[in-house]
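These numbers come from the heavy atoms of this one structure, side chains and all, not from hydrogens, waters or symmetry mates. Keep in mind the model is a prediction, meaning the values are calculated, not measured.
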Amino acid sequence: MNNRVEHIDIAKGISITLVALVHSKLASFFPEIIDSMSLFRMPLFFFLSGVFFSFSTPPKLFILKKSEALLKPYFSVLLLLFVIDVIFQNDNLLLQLQGIFYGNGETLRWVQMWFLTHLFTVYCFSYVLFRFTHFNLLPLPIKMFVLMLLLLLGGLYVDTFWLKEITIAGKVSVLPGLPFSIDILLVSSSFFISGYLMRNKIIGFSPHRYLLVFACFIFVCIIFFTKSYTDLNKRIYETAITASIGAISGIYIVMCISVLLVKHNAFKVIFQKLGAGSLFILIFHYVIHWKVYTFISSGDINYSIGLVFAVVAFILSVSLPLLIQEMVYRNNYLALFFLPFKSNKLFTRKLTEDPE
């Protein structure tokens, strides 16, 4: 693996660490610091996801691959939880099942899973845009200008479908956003497609000292002098212009840090492993963190002890999913629910035994 790929893997590791951090108890100990990272946390995740996007495969194959990568683990985990609830006769089973297929953070038991359904939507939208329109033929500056307009437009109307009352057949319901969080598609896909369009620059990324200082200065100014805040799951993109600038600045800062960490082997290995295990950390970090923290912090504890417990729970929340990942890689039956079928030895063995 060369340095160009290494720093992207490190950036992915930083990205998933920030996602786990905001969902942890540590967020209540350092709210100002962690809240400020909201400006670029999810934009960074979408941006990096787009770097290796490709629309060269046929539509059916593309949908199949993305379904295997994103929807299969999503439905495997959530339907398993649903079956467990059925066995133990828990309440609101029909509502839970509807929420799973709605695929929205507000309707899910494990809220963080909304990202998988939405990323699938982002991939499909981007595929259609590049393969079936003339967008890819436009000059790069015009493409980026169009994306900026879409980003600002999406940011201004991000809460259009959020917690709105609707009447269907005389019954009033509250709309929790659109299925698969389609209502934030303009914002998320703008960062995703930007990652794709800047692929070569990101792969060959080289930090510029003065530009890094400028990005840090802009980011700090936005944090201290504006009310900008981003929480796409809650349909918050406040305020669109400064939030977008803050996201761009934050992404640049993380990319600079990632390149610098390539030279430090210990940090490089840690964040590369976290980046490689992003799927499993995304799925399992929340439940692991809060189960661990609740268990070890039972009873009255002071601030210092609580902070130590929060750190321990956070470390376990990003490391134990890597053990789950290893178990999945080693067990062909578990791999059926998380990994592509073509890489599973059960299928390759079957093809070898029963050649056409």
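- Remark: side-chain polar atoms of Y237 are not paired, donor with acceptor, to backbone N or O of I184 under 3.5 angstrom.
- The two atoms that bring A215 and S249 nearest to each other are O-CB, 3.7 Å, heavy atoms only.
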Could you go step by step and tell me if H285 and H23 meet the side chain to side chain donor-acceptor pair (under 3.5 Å) rule?
CA-CA 8 Å; H285 75 273; H23 294 152; 2.8 Å; yes

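- Counting non-hydrogen atoms of neighbouring residues, nucleotides and ligands closer than 6.0 angstrom, the CZ atom of F214 reaches no more than 12 such neighbours.
- For K273, the NZ atom sits in a loose shell: 12 or fewer heavy atoms of surrounding residues, nucleotides or ligands are nearer than 6.0 Å.
- Within the 3.5 Å criterion, the main-chain N or O of A240 finds a donor-acceptor partner in the side chain of S244.
- Atom OH of Y303 sits in a crowded spot, with more than 12 heavy atoms from other residues, nucleotides or ligands closer than 6.0 Å.
- A distance of 9.0 Å separates SG of C124 from CG of L70, quoted to the nearest 0.5 Å.
- Atom CZ of F217 is surrounded by 12 or fewer heavy atoms from other residues, nucleotides or ligands within 6.0 Å.
- From N90, atom CG reaches atom CD1 of I84 across 10.0 Å, with rounding to the nearest 0.5 Å.
- The backbone N or O of W162 sits nowhere less than 3.5 Å from a side-chain atom of E106 that would complete a donor-acceptor pair.
- Residue K164 places its NZ atom among more than 12 non-hydrogen atoms of other residues, nucleotides or ligands, all under 6.0 Å distant.
- With F341 as the aromatic partner, K72 meets the cation-pi criteria of under 6.0 angstrom to the ring centre and within 45 degrees of the ring axis.
- The structure places NE2 of H264 at 12.0 Å from CZ of F271, a figure rounded to the nearest 0.5 Å.
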Stepwise side-chain contact (heavy atoms from CB on, under 4.5 Å) check, M148 with I248
CA-CA 11 Å; M148 186 58 66; I248 295 169; 4.1 Å; yes

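- Contact record, H7 with I203: CE1-O, 3.0 Å, taken as the closest heavy-atom pair.
- More than 12 heavy atoms of other shown residues, nucleotides or ligands fall within 6.0 angstrom of atom OH in Y229.
- A donor-acceptor pair is defined here as one N or O able to donate and one able to accept, closer than 3.5 Å; no such pair exists between the side chain of H118 and the backbone of W114.
- Residues F314 and Y293 keep their aromatic ring centres 6.0 Å or farther apart.
- Residue-environment remark: CZ (F132) exceeds the threshold of 12 foreign heavy atoms within 6.0 Å.
- Classified by interplanar angle (parallel below 30°, tilted 30° to 60°, perpendicular above 60°), the ring pair F55/F130 is parallel.
- Atom CG of L279 and atom CD1 of I16 lie 9.0 Å apart (nearest 0.5 Å).
- When every heavy atom of S317 is checked against every heavy atom of I288, the shortest pair comes out as CA-CG2, 3.8 Å.
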Go through L307 and L26 one step at a time and tell me if the side-chain contact (heavy atoms from CB on, under 4.5 Å) criterion holds.
CA-CA 7 Å; L307 177 58; L26 288 172; 3.7 Å; yes

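- Under the 30°/60° scheme for interplanar angles, the aromatic rings of F280 and F338 are found to be tilted.
- L81 and L94 fall into different hydrophobic clusters, defined by Ile, Leu, Val, Met, Phe, Trp and Tyr side-chain heavy atoms under 4.5 Å apart, directly or through other members.
- Between the side chain of W110 and the backbone N or O of F284 there is no donor-acceptor pair closer than 3.5 Å.
- Atom CG of D183 sits about 10.0 Å away from atom CG of L186, to the nearest 0.5 Å.
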Applying side-chain contact (heavy atoms from CB on, under 4.5 Å) to Q112 and V19, what does each step give before you reach the verdict?
CA-CA 9 Å; Q112 73 278 8; V19 171; 5.9 Å; no

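- No donor-acceptor distance shorter than 3.5 angstrom exists from the side chain of K12 to the backbone of A276, with no hydrogens or angles considered.
- Counting all heavy atoms, side chain and backbone alike, I315 lies closest to S319 at O-OG, 2.7 Å.
- Ring-centre distance between F101 and F75: below the 6.0 Å cut-off.
- Open room surrounds CD1 on I241; 12 or fewer heavy atoms of other groups in view lie less than 6.0 Å from it.
- Without hydrogens or angle criteria, D9 side chain to G275 main chain gives no donor-acceptor distance under 3.5 Å.
- Between the side chain of N92 and the backbone N or O of L95 there is no donor-acceptor pair closer than 3.5 Å.
- Using a cut-off of 4.0 Å between Lys/Arg side-chain N and Asp/Glu carboxylate O, E6 and K268 are scored as salt-bridged.
- The backbone N or O of A243 lies less than 3.5 Å from no partner atom in the side chain of E238, so there is not a single donor-acceptor pair.
- The ring of F120 has its center no closer than 6.0 angstrom to the ring center of Y74.
- Checked against the 6.0 Å centroid criterion, the rings of F46 and F191 do not qualify as a close aromatic pair.
- For an aromatic pair to be called close, the ring centres must be under 6.0 Å apart, and F53 with Y127 fails this.
- Atoms OG and CZ, from S15 and F47 in turn, are 11.5 Å apart once rounded to the nearest 0.5 Å.
- Side-chain atoms of R109 never come within 3.5 Å of backbone atoms of I100 as a donor-acceptor pair (strictly under, hydrogens ignored).
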